[in-house]
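In each ligand, atom 1 is the first atom listed, and ligand 1 is the first ligand listed.
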Amino acid sequence: MARPKISLIGGGQIGGVLAQLCALRELGDVVMFDIVENMPQGKTLDIAEASPVDGFDVSVTGTNDYKDIAGSDVVIVTAGLPRKPGMSRDDLIEVNSKIMTSVSEGIRDNAPDAFVIIISNPLDAMVTLCQKITGFPSERVCGQAGVLDSSRFAAFIAWELGVSVKDVTAITLGGHGDTMVPLVRYASVAGIPVMELLEQKYGDAAKAQEVMTAMVERTKAAGGEVVKLLGNGSAFYSPASSAVAMAESFLKDQKRVLPTCALLDGQYGVDNFYVGVHCVIGAGGIEKILELKLDETEQALMDNSVAAVKELVGSMNL
Ligand code: TXD
């Protein structure tokens, strides 16, 4: 049986890590496309030359021609500029929507059956644009943000409580921006509510709340924290790992429940609009959206996040 084919549009920082992770996990043959001549060919040659050491039997190649993404099962898009210190993700909309338009046409014309995962920022707007231009069914066009935002939240909780990251579940909903909604009530360690453990640790509900609020705020600002430290560019290891989890769930029909930017169909009172929610990802793409029962405060935060995304998407005049 032929190996699955994974195409990466954009061979920059995230694209490079994506190519290496897909190869190391033998998810399929990898094609990296970029408009910069020779760069994707060079990067993929470098990765492929380590295959005897790493022991992977998939091909990893680079191209400047969209024809080479034909027959892709998965396409992951990172094409576009990253933020510089002091910039918000939304500041990228003008330049990245031009790039996303040409990328989406390339995907539509050359890989019409692919499951598409967008990573480029501003995330929710870029996913919306890609689905409009490709015309692909919404279950085959989604965005990666929530897996990463949730992973950051989970990491902070694990570090705070001194427990394995493997036992922490933490979820963020909403847009991939300053208004994202880390859900405190659903954060748990092996099923135990995190607030309960914080109260045990500090013996004081107010202190526990203070510590949780700090973790929530750090999660919301986590992308910016990395941007500031790097001084040039934005996070790239963790976004790549997050998108690979989504691609793997699709390719292996794992049906993992992953926070994903998906087209809502009435959930949370939102219709026909892309935003981050819990999704089941399997061979059918976005197979199901799981809607949580939010309390009044959580719903208000979600409404606020959706409103921010709507304003941004509205500015594209689609
Ligand atoms: O979780 C998330 N969703 C994100 C998203 C987390 C961090 C960063 N995120 C965003 O991903 C970031 O704000 C950017 O918009 C993208 C890509 O970030 P990356 O760090 O990989 O940026 P690079 O290194 O600048 O790489 C972008 C590549 C670069 O090689 C360009 O030559 C290429 O995109 N590029 C194009 N490729 C194909 N087609 C076109 N038109 C094109 N224009 C630029």
Quick one: look up the protein heavy atom nearest [atom] and list residue, atom name and how far away it is.
atom                    : answer
atom 1 (O) of ligand 1  : Gln144 NE2, 3.0 Å
atom 8 (C) of ligand 1  : Ser234 OG, 3.4 Å
atom 36 (C) of ligand 1 : Ala79 CB, 3.6 Å
atom 7 (C) of ligand 1  : Ala235 O, 3.4 Å
atom 10 (C) of ligand 1 : Asn121 ND2, 3.6 Å
atom 24 (O) of ligand 1 : Gln13 N, 2.8 Å

Within ligand 1, which atoms have a heavy atom of [X] less than 4.0 Å away?
X      : result
Leu92  : 13 (O)
Pro239 : 6 (C), 7 (C)
Leu148 : 1 (O)
Asn96  : 15 (O)
Val36  : 32 (O)

With only distance considered, is [X] within less than 3.5 Å of ligand 1 through an N or O on each side?
X      : result
Val103 : no
Leu81  : yes
Ile14  : yes
Ser120 : no

Flag the pair Phe33 / Asp68 as yes when at least one side-chain heavy-atom distance between them is below 4.5 Å, and no otherwise.
-> no

Would you call Asp29-Arg3 a salt bridge at under 4.0 Å N-O?
-> yes

Could you give me the CA-CA distance, side-chain angles and deciding distance for Arg108 and Glu105, then say whether salt bridge (Lys or Arg N to Asp or Glu O under 4.0 Å) is met?
-> CA-CA 5 Å; Arg108 179 194 65 200; Glu105 289 165 354; 5.0 Å; no

Would you please determine whether Met39 falls within less than 4.0 Å of ligand 1 on a heavy-atom basis?
-> yes

Under a heavy-atom criterion of less than 4.0 Å, does Ser102 contact ligand 1?
->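 Contact present.
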
